[in-house]
Amino acid sequence: MSDAPLVLAVPSKGRLQENATAFFGRAGLKFVQSRGSRDYRGTIAGLDGAEVAFLSASEIVAQLASGAAHLGITGEDLVREQVADADAAVELLTPLGFGNANVVVAVPQAWIDVRTMADLDDVASHMRARQGRKLRVATKYVNLTRRFFAEHGLADYRIVESLGATEGAPAAGSAEIIVDITTTGATLSANALKILDDGVMLSSEANLVASVRAPWGERAKAAASAILSRIAAEEEARSIREIRARPAGLAPAAIDELVAGFGARLPFGGAGEGDVLTIHCPDKAVFALVEQLSRSGADEITVGAPAYVFRKANPLIERLLKRI
Ligand SMILES: Nc1ncnc2c1ncn2[C@@H]1O[C@H](COP(=O)(O)OP(=O)(O)OP(=O)(O)O)[C@@H](O)[C@H]1O
Ligand SMILES: O=P(O)(O)OC[C@H]1O[C@H](OP(=O)(O)OP(=O)(O)O)[C@H](O)[C@@H]1O
Ligand SMILES: [Mg+2]
């Protein structure tokens, strides 16, 4: 097995780039581009065994599918569109909470009685019977469209490939309907288009994606573990608050019950009589737990927000190791 360094592919431009860089920055993974920002290769400060490739969202998918990159950040829509055997070729390790968009079937607003894929099938059949031609669908999501239309038993259509400004195709007369990605819906409504009631084929967001086919030698695995443990530690820290208190007059069993009742945990175990207790509590339960501790006799209670919480179990690493 090769001892190649891990290749981490991150978006070099566009709407995903900023969020992706910030995401890794929060996890303590700072990218270094020694020859300036137009240098499409880089490293991660302080982390040997890893290289960074700065690519477009689409190219990241291609490199993950081929194994040229081990880990990457890109949109699920592109993974599902570009990789026929996506579930075999890659593992979506975790959604990242940004780059949200839906891939949708949109038709002219003027088609007032066309609300579902079944209505669209009727339109397609009528067009075929009356005009002897197929319904034209403008899209850059050819595979997603074919799969979705097949699932809905819609065959009387043909795809008109469109690589940008797809929403303009019906008004320009180059297609009747479209399949495209949308976030706010502004571009669709600006082009007098509406989404079918059952026309959302995929709710996509940016994901941290691992390549099954990449050369996972010891060096790449070690770098992946370092990266994924920092990512998991930052995610865990973001979801909790750290409460410190000296719970006077509570027996250990009562403390365990109290903590568990709020979905909290004792990362360093229980405290002896009079010792300070450390509790990691879900953000939304903090004040309720503080009031309970206060009622049980705790004098001083502090609440903090740790930057990282490193735990032995790391679901991201476990998911990766199961696939490579
Ligand atoms: N409203 C949106 N429109 C397009 N992409 C979006 C939107 N919201 C989130 N995304 C995500 O961003 C990805 C495209 O990102 P971006 O626009 O940065 O790529 P790009 O650099 O424009 O490349 P391309 O021209 O191939 O889209 C989409 O595949 C999707 O995952
Ligand atoms: O629902 P909305 O918020 O209106 O966003 C959807 C639009 O944004 C994207 O275009 P982009 O600006 O990325 O240009 P592109 O299509 O060339 O990538 C996408 O292709 C849609 O046209
Ligand atoms: Mg774009």
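Because only heavy atoms are used, hydrogens play no part in the values below, and waters and symmetry mates are left out as well, while side chains stay in. We count ligands from 1, going down the list as the structure has it; atoms in each ligand are counted the same way.
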Flag yes if [X] and [Y] sit in one hydrophobic cluster, no otherwise; membership is Ile, Leu, Val, Met, Phe, Trp, Tyr, and two members link when side-chain heavy atoms are under 4.5 Å apart.
X      : Y      : result
Leu316 : Leu64  : no
Ile181 : Leu193 : no
Val90  : Ile324 : no
Leu29  : Leu16  : yes

Relative to [atom], which among [options] owns the nearest non-hydrogen atom?
atom                    : options                      : result
atom 3 (O) of ligand 2  : Ile178, Leu188, Thr184       : Thr184
atom 17 (O) of ligand 2 : Gly164, Ala190, Ala186       : Gly164
atom 22 (O) of ligand 1 : Lys13, Gln17, Glu205         : Lys13
atom 3 (N) of ligand 1  : Leu163, Asn19, Thr74, Ile181 : Ile181

Going by the order shown, which atoms of ligand 1 are within less than 4.0 Å of some heavy atom of [X]?
X      : answer
Leu78  : 29 (O)
Gly14  : 18 (O)
Ala101 : 7 (C), 8 (N), 9 (C)
Leu16  : 12 (O), 18 (O)
Gly75  : 31 (O)
Thr183 : 1 (N), 2 (C), 7 (C), 8 (N)

Taking distance alone, with no angle check, do Thr187 and ligand 2 share an N/O pair under 3.5 Å?
yes
Could you list which atoms of ligand 2 come closer than 4.0 Å to a heavy atom of Gly185?
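Once the distances to Gly185 are compared, the set is 1 (O), 2 (P).
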Quick one: which ligand 2 atoms are inside 4.0 Å of a heavy atom on Glu167?
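Taking each heavy atom of Glu167 in turn, ligand 2 has 21 (C), 22 (O) under 4.0 Å.
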Any salt bridge between Lys134 and Asp156, counting N to O under 4.0 Å?
no
Are Glu234 and Arg238 ion-paired here, with the side-chain N under 4.0 Å from a carboxylate O?
yes
Does the residue [X] have a heavy-atom contact with ligand 1, meaning some pair of atoms that are separated by less than 4.0 Å?
X      : result
Ser58  : yes
Asn100 : yes
Lys140 : yes

Ile181 and ligand 2 - part of the residue with a heavy-atom distance under 4.0 Å
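Under 4.0 Å from ligand 2, Ile181 contributes backbone and side-chain atoms.
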Give yes if a backbone or side-chain nitrogen or oxygen of Glu76 is under 3.5 Å from a nitrogen or oxygen of ligand 1, and no if not.
no
Please report whether ligand 1 has a polar contact with Asp77, defined as an N or O pair separated by less than 3.5 Å (distance criterion only).
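Min N/O separation from ligand 1 is below 3.5 Å for Asp77.
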Let me know which of Leu144, Val103, Ile159, Val105 forms a side-chain contact (heavy atoms from CB on, under 4.5 Å) with Thr139.
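Testing each of Leu144, Val103, Ile159, Val105 against Thr139, the sole residue satisfying side-chain contact (heavy atoms from CB on, under 4.5 Å) is Ile159.
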So is Arg15 close enough to ligand 2, meaning a heavy atom under 4.0 angstrom away?
yes
Under a plain distance cut-off of 3.5 Å, with no hydrogens placed, do Thr182 and Asn102 share a side-chain donor-acceptor pair?
no
Check the side chains of Asp122 and Ser125 for a donor-acceptor pair under 3.5 angstrom, ignoring hydrogens and angles.
no
Contact between Leu8 and Glu51 at the side-chain level, heavy atoms closer than 4.5 Å - yes or no?
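Of all side-chain heavy-atom pairs linking Glu51 with Leu8, none is under 4.5 Å.
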Return the orientation label for the Phe54 and Phe31 ring planes: parallel under 30°, perpendicular over 60°, tilted otherwise.
perpendicular
Ring geometry between Trp216 and His70 (parallel below 30°, tilted from 30 to 60°, perpendicular above 60°):
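It falls in the perpendicular class, over 60°.
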